[in-house]
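Data block below; observations after.
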Amino acid sequence: MQIHVVKNYDEMSKKAASIIIKEIIVKPSLILGLATGSTPLGVYEKLIEAYETGLISFENIKTFNLDEYIGIPREHPQSYYSFMNEHLFKYVDIKKENINIPDNDINRLNEIAKEYNNRLFGNQRDIQILGIGANGHIGFNEPGSSLSNQTFIVELNEETRKDNARFFNSLEEVPKYAITMGIKNIMYSRKIILLASGKKKAEAIYKMAYGDIDTRVPASILQLHPDCIVIIDKEAASMLPTNETFIEF
Ligand code: F6R
C-alpha cells in the first residue's frame, strides 16, 4: 500500500485524476471501476476537463460501478445511476453499452447480483476508484460483512444511512438496502485508488492502514492488495502515526 498525503481536496482529486488519465492514454480501452458519493466528484470534474481538451476519450472505456440503492427507481435523482449520469457520463463520449451499474429491480435481485458478479469476473478492472465510509466500509461492504463476499444484497447500517441522509430530504427517505460489489470483486482489480478527505475519515484511514485485517473494518483488506494507492488530504491523515507525505508498506 502506498499512501500519499496531499494538501487538500483539490490536490487529492488532481493526483488521482492524473494517474487515471495516464493509464487511459496508455490503454484507451481501460476498464474503470467507479464510486459515487462526495469524494470522487473532483476526480470526475478533472476527467471531464481532460476529455474536453482532447487528452482522453471515453469511447472505448468500460465502467463498472460499485453499488446501487435498492428501493428507489433508477430515475430517482439520488440513485447512483442518476448520480453517474449527472456527474460524469452526460459530459463524455462513453457508449451506453459500456456503462455497468447494478440494476435494482426488486423482482430480480438474486439474478441481477449473479449476473453482475459474472460480468465483474469477466472484466477485471484496470483501476478501481474507492471512497471510504467513516465506519471503514468500501462499496457497501459494511463492518461485519465477509471479506470473501461477491456481489450481494446488503442491509445498510444506521451510520451509513445517517451519513447519506444529507442527499435526501430526511433519514426515512434513505434506502435501507443496496446491491454492492463484494470485497472479492473489489480486490479483483489490477490497481485500486482509495480517496479520502476530511477529519471525519481520519479514524477509518488509520484503522485501514495500521489496524488488523478485520471484518469490522472492511477497508483493512486493502493491506493485502498488491497495488493499492491511497490519496488523502491532511485532515484524513491526521491520525496517522507519522507526518510523512509518502508512506509505503
Ligand atoms: C459509493 C460507495 C461508498 C462511498 C463512501 C464514502 O459508491 O460505495 O463506499 O465511497 O460511503 O462516501 P463519501 O464519498 O460521500 O464520503
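Indexing begins at 1, ligand by ligand and atom by atom, following the structure's order.
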Assign the ring pair Tyr80 / Tyr69 to parallel, tilted or perpendicular, where the plane angle (0 to 90°) is split at 30° and 60°. tilted
Parallel under 30°, tilted from 30 to 60°, perpendicular over 60°: which one fits the rings of Phe168 and His76?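 The rings of Phe168 and His76 sit tilted, inter-plane angle from 30° to 60°.
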Looking only at protein heavy atoms, which one is nearest to [atom], and what is the separation?
atom                    : answer
atom 11 (O) of ligand 1 : His137 NE2, 2.7 Å
atom 16 (O) of ligand 1 : Lys201 NZ, 2.7 Å
atom 1 (C) of ligand 1  : Thr36 OG1, 3.1 Å
atom 10 (O) of ligand 1 : Gly131 CA, 3.4 Å

Output yes when the distance from some N or O of ligand 1 to some N or O of Asn164 is under 3.5 Å, and no in every other case.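 No; every N/O pair is 3.5 Å or more apart.
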Judging by distance only, is a nitrogen or oxygen of Gly139 under 3.5 angstrom from one on ligand 1? yes
Side chains of Glu75 and Ser82: donor-acceptor distance under 3.5 Å anywhere?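 On atom types as modelled, these side chains do not qualify, holding no pair under 3.5 Å.
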Do Thr151 and Asn185 meet the criterion of a side-chain donor-acceptor pair at a distance under 3.5 Å?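 Looking only at side-chain atoms, Asn185 and Thr151 do form a donor-acceptor pair, the distance falling under 3.5 Å.
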Against Leu34, only a single residue in Ile127, Leu66, Ile99, Leu88 fulfils side chain to side chain contact (heavy atoms under 4.5 Å, CB included); can you say which? Leu88
Are Phe246 and His4 close enough that their ring centres sit under 6.0 Å apart?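 That pair passes the under 6.0 Å test.
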Please confirm whether Phe249 and Tyr210 have ring centers closer than 6.0 angstrom. yes
Report the member of Asn141, Thr39, Leu34 with the shortest heavy-atom distance to atom 14 (O) of ligand 1. Thr39
Would you indicate which of Asp163, Thr180, Ile132 comes nearest to atom 6 (C) of ligand 1 when only heavy atoms are counted?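 The option holding the nearest heavy atom is Ile132.
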Before giving the answer on salt bridge (Lys or Arg N to Asp or Glu O under 4.0 Å), spell out for Glu115 and Arg119 the whole-Å C-alpha distance, their side-chain angles and the decisive distance to 0.1 Å. CA-CA 6 Å; Glu115 196 267 332; Arg119 247 189 286 165; 2.6 Å; yes
For Arg166, which part has a heavy atom under 4.0 Å from ligand 1: side chain, backbone, both, or neither? side chain
I need the contact type for Asp67 against ligand 1. Using non-hydrogen atoms and a strict under-4.0 Å cut-off, is it side chain, backbone, both or neither?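 The answer is the side chain.
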Considering only heavy atoms of Leu66, which atoms of ligand 1 have at least one such atom less than 4.0 Å away?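 The list of qualifying atoms is 8 (O).
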Those atoms of ligand 1 less than 4.0 Å from some heavy atom in Gly37: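 So the answer, numbered in order with elements, is 14 (O), 15 (O).
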Hey, is Lys200 one of the residues with a heavy atom under 4.0 angstrom from ligand 1? no
Please determine whether the number of non-hydrogen atoms from other residues, nucleotides or ligands lying under 6.0 Å from atom NZ of Lys46 exceeds 12.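 Check passes, neighbour count above 12.
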